[in-house]
Amino acid sequence: MVGGYAPATLEKALRIRAEETVVPYAGGTDLMVQNRKNVEYLFLNKIAELKQIKVDKDYIHIGALVTFTQAINDDKVPQIMKDAISKIAAPAIRNAGTFGGNLGNGSDKADSVLIEFAVDAKVRLMSLKGERIVNVEDFCITRRKIDLKDDELIVEVLLPNKPYKNYIYQKVGGRNSLAISHVAFAGLFEEKDGKIQEFSAAFIADAGRFLRFKDIEQTLIGKSKKEAKNLKDKVIKAYSDKIVLTAGRVSAEYRKTVSLNLLRDFLTWFGV
Amino acid sequence: MDNISKSVRKKDHEPKISGESIYVGDYQCAKDGSAILTGKILHSKIARARVLSVEVPDLPKGYFYVNAADVPGENKVNIVLDDTPVYCKDTVEYIGEPIGMVVGPDKEEVERILSQIKVEFEELEPQLDVRSSQKVFFDYEFSHGDIEKAFKEADKIYEEEFETGYQEQAYIEPQGMMAEPEKDGKMYVHGSMQCAYYVHGAIMRVLGCKPDEIHVFQDVTGGGFGGKEAFPSVLGSQVAVAAYKAKAPVRCVFDRREDMEYTSKRHPSICRYKAAIKNGKVTALDCDIVFNAGAYSTLSAVVLQRGIIAAPGVYNIPNIHVHGKAVKTNTSPCGAYRGFGAPQTFFAIEMMMDHIAQDLGVDTLEFKEAHLVKQGDMTSTCGKYHFPVPLPDMINEIDKVCDFRRKHKEYAAPQSGRYRKGIGMSLVFHGAGFTGSGERDIIKAVAKLRKYKDGSVEILASNGEIGQGVRTTFPKIVANELNLPFDKVYYNHPDTERVPDSGPTVASRSLMIVGELLRRAAIKLRSVWIDGKEQEVEEHFKEPDFMIPFYIDKFQGDAYPTYAWSVNAIEVELDTLTGVSKILGAYGSFDVGTPIDYNIVLGQMEGGFLQGIGYSSIEKMDYDSKGRIRNNSFTDYLVPTTKDVPNMVAMLHVEKYPNGPYGAKGAGELPLVGAPGAYVEAVEQALGGAKIHPLSHVPFTPDDTIAQLNRHREEI
């Protein structure tokens with residue numbers, strides 16, 4: 001039997017979450033497929049405060065129950081995120097699927113989460129005891145493992161509020177719709193006064209987790225493009241050494257080659 | 001367009017769209033109102049083993065365990081041969097083989113019991129490698145001309161091997177069958193199927209009963225594509241034995257994983273082709289073809305026959321030798337899938353011709369055109385192409401719609417940059433109807449028309465509606481001949497108690513063969529028509545006079561009365577960074593004779609073409625070192641969506657067949673057959689051509705493209 005709660009406020013939802021054993025239901029596009037037996041769901045879709053997109057000085061706040069369709073149609077959401085979420089599944093699933101669900105599902109191939117990795121997003125969590133704000137890379141531990149306590153709910157995603165002018169996003173799935181990413185790449189690049197100010201590269205590669213190597217990124221920060229160019233092969237080699245993949249739906253050789261191809265293309269695109 | 005081709009609303013449109021149609025899984029109770037027991041199969045988890053013991057827990061009242069010991073007749077499911085057991089004998093031969101069935105009122109309790117059954121196996125070494133398999137189910141050979149002389153005199157000899165993989169039918173409705181013991185002692189079996197009389201014949205043997213002691217009804221069926229040609233005979237036998245034991249209705253509907261892993265799929269193949277060239281033309285072809293049949297022979301004989309007959313493709317090659325084998329491996333038995341052995345060999349010959357042309361430095365299309373068969377030419381089996389071969393016109397039609405010749409030459413020049421383009425073309429036929437003398441000697445189709453007092457006419461035939469439209473096209477033909485309104489003629493799903501055996505729903509035969517029987521029956525009825533009287537007329541199949549008799553032992557004669565033809569072009573843009581080949585356009589000209597309903601035929605052409613593109617590009621399925629198929633869900637086995645081929649152009653070229661109704665010939669399978677050749681040629685051209693990247697297998701995935709590029713990178 002499937003039972004459930006459909007609270008209208010976050011406070012009520014947090015109380016149920018604290019008192020009962022429930023599975024948070026934030027769109028259900030995966031949960032419906034899983035069709036688990038004997039579970040009680042906590043339906044979050046009636047909670048208006050989780051469906052808002054707001055901007056303040058530091059962050060773009062995307063509520064956990066904001067659907068991908070809603071975000072695609074909202075001017076406050078940066079284009080890099082729109083590029084990624086508009087390639088999720090198909091319209092019907094984008095109408096139901098949410099940011100909180102994509103995170104809470106714990107997949108290492110969640111398209112919105114890749115962007116959150118690339119932009120150093122944070123996740124705001126709440127329980128009756130209070131709130132925690134954690135970095136997305138700390139929240140997503142490995143496949144199916146997230147830093148969410150039994151009494152907590154994901155409340156919103158915080159994207160740093162900045163222009164996101166220079167970026168590249170590429171998704172490679174098994175087909176053009178309803179496809180899980182075999183490889184996806186998100187990269188950010190900013191230059192100031194002839195020096196690289198920001199360089200970020202995040203990958204989905206069926207690696208058990210999202211891949212981003214900040215130590216390698218640091219080797220290019222502060223460098224001129226010319227200096228970076230000289231380092232290019234070394235940087236790609238460093239990624240190559242770090243991207244260690246095991247067997248998956250498509251071959252490890254494929255995923256690694258494509259990841260490195262997209263990285264090289266990204267660097268070339270921005271003149272490195 | 002002929003009047004008969006004008007589209008009507010399909011008879012099954014309304015109930016299917018509204019959700020009123022009852023599929024086998026939808027019944028709430030049996031026909032007599034009694035509760036339906038759920039059956040779940042105990043599948044082998046090991047590819048090859050002796051079954052030492054099966055320990056079944058104590059069963060609650062009303063629950064049963066059914067196995068081979070419960071089979072009242074013979075523990076053999078008749079398909080072509082009788083080697084498939086209803087439930088396993090002493091050994092299991094593949095992962096998934098049914099050992100028994102647990103039956104009972106509550107599905108969850110049935111599953112609980114199933115999970116507690118302990119099977120003790122003595123594992124045996126499975127045969128998983130096709131190449132080293134010594135167990136040959138079927139072995140055929142034929143030749144004409146003087147192959148040795150041609151190879152001796154050749155300027156050049158080419159030899160190459162081609163491989164194709166599994167393909168899963170991926171019908172929307174999985175396999176499902178139900179059996180109900182009736183009060184008068186008859187067994188009533190119904191479910192999702194293509195061939196009611198195949199199921200009828202198989203279950204008679206299994207129950208050891210007379211023809212009139214059972215009857216089989218085709219429920220509304222959610223797609224077949226060949227996958228429901230033979231398998232329902234197996235599952236139908238299993239539920240019939242279970243219902244016989246339980247003395248109650250039993251239904252077994254597969255879940256998707258069971259269906260994808262354990263039911264029949266397209267045969268993987270290895271084709272080794274050797275060609276002799278003299279003065280720039282292929283003078284001889286030697287083909288060695290191996291199909292992976294899986295653990296039991298099922299339909300492999302006939303799939304292989306169709307495959308090897310098509311071995312030289314649409315080309316007139318004076319000297320040929322073809323050797324085909326279907327070999328056993330300890331894997332799920334393969335079976336029928338739209339195209340039935342032909343997509344495998346057409347892929348081989350199309351790529352072979354393509355590679356030879358490129359090596360000779362001539363345009364691949366021009367090379368193919370120089371070898372095309374034409375009316376009056378001899379077929380691979382010394383039969384005759386009795387009717388015009390419209391390929392040259394169809395090539396021009398395709399060229400016009402996609403500028404093939406210009407693009408093909410342009411893309412052959414060296415390309416650079418991230419994105420590269422390629423275009424490929426394949427030329428194929430599909431022999432219409434059963435292979436050889438099957439229609440005359442085995443099927444002997446009979447069809448009837450029954451006119452009621454109110455002037456309405458019912459069609460009595462055994463061909464099942466599986467989405468291809470026979471419930472609509474048959475009545476169109478009959479209404480047309482009788483000059484009746486379309487709604488006065490109807491065709492229900494067949495029940496073997498009510499309808500004659502007009503043969504199975506296979507081989508692109510229903511419309512051409514049975515449709516023509518019905519047309520003749522309608523003419524007969526018209527001539528004896530008396531208002532207000534109930535009347536019945538019957539027609540029997542007659543082989544057309546022009547046929548050169550076919551001898552299966554020698555593979556000689558007309559394998560088919562006529563052929564459906566297709567020309568397919570596919571244009572791709574290959575991303576060298578990701579290996580993904582985006583399909584810029586897929587263009588098909590299809591000659592299936594007169595379309596009996598334009599929309600239905602066009603739907604068939606588009607759907608089949610897309611299935612073929614899936615087979616060529618992304619539909620990858622394989623078994624691991626234990627013989628287990630891992631791609632058993634729609635997450636791990638992708639079929640294409642409309643977004644993968646947004647620009648598809650399907651056109652009809654009509655070359656009428658005088659012995660089909662109003663000129664119609666076989667349609668269902670044709671559109672799938674040519675896709676692999678066209679797709680892989682296109683990808684190969686985008687990669688820089690066969691001299692650098694000779695491609696030789698399907699599916700050819702982005703993974704394969706990147707592997708090719710990596711290999712080449714290492715070489716240079």
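Just so we're on the same page: letters track the sequence lines, and every chain starts at 1. Below, each value reflects all heavy atoms present in this structure, side chains not excepted, and no hydrogens, waters or symmetry copies.
- Heavy atoms closer than 4.5 Å to chain B are found in the side chain of A:Arg249, but not in its backbone.
- Looking at A:Val250, both its backbone and its side chain come within 4.5 Å of chain B, counting heavy atoms on both sides.
- Using a 4.5 Å cut-off between heavy atoms, B:Ile618 contacts chain A through its side chain alone, with no backbone atom that close.
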Please step through salt bridge (Lys or Arg N to Asp or Glu O under 4.0 Å) for the pair A:Asp233 and A:Arg264, ending with a clear verdict. CA-CA 9 Å; A:Asp233 285 343; A:Arg264 183 185 292 275; 3.7 Å; yes
Trace of the salt bridge (Lys or Arg N to Asp or Glu O under 4.0 Å) decision for B:Glu571 with B:Lys421: CA-CA 7 Å; B:Glu571 184 181 8; B:Lys421 287 182 179 176; 5.0 Å; no
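- In terms of non-hydrogen atom pairs under 4.5 Å with chain A, the most contact-rich of B:Asp703, B:Ile706, B:Thr705 is B:Asp703.
- Evaluated for a side-chain hydrogen bond (donor to acceptor under 3.5 Å, both in side chains) with B:Gln611, the options B:Arg338, B:Gln169, B:Glu606, B:Gln167 yield exactly one hit, B:Arg338.
- Neither the backbone nor the side chain of B:Arg630 comes within less than 4.5 Å of any heavy atom of chain A.
- B:Thr576 touches chain A through its backbone: at least one of N, CA, C or O sits under 4.5 Å from a heavy atom, while the side chain does not.
- Checked for salt-bridge contact, B:Arg628 and B:Glu261 meet the test: a charged N lies under 4.0 Å from a carboxylate O.
- Put simply, of B:Gly579, B:Ser617, B:Pro702, B:Pro646, the one with the most heavy-atom pairs under 4.5 Å next to chain A is B:Pro702.
- Taking a cutoff of 4.0 Å between a charged side-chain nitrogen and a carboxylate oxygen, A:Glu137 and A:Lys214 qualify as a salt bridge.
- Interface remark: of the candidates B:Val639, B:Val580, B:Asp704, B:Thr642, B:Val639 forms the most heavy-atom pairs closer than 4.5 Å to chain A.
- Two residues are said to be in side-chain contact when any heavy atoms from C-beta on lie closer than 4.5 Å; A:Leu148 and A:Phe139 meet this criterion.
- Because its NZ or CZ atom is both nearer than 6.0 Å to the ring centre of B:Tyr615 and within 45° of the ring axis, B:Arg266 counts as a cation-pi partner of that residue.
- Note: B:Thr578 leads B:Thr578, B:Asp575, B:Asn631, B:Thr641 in heavy-atom pairs under 4.5 Å with chain A.
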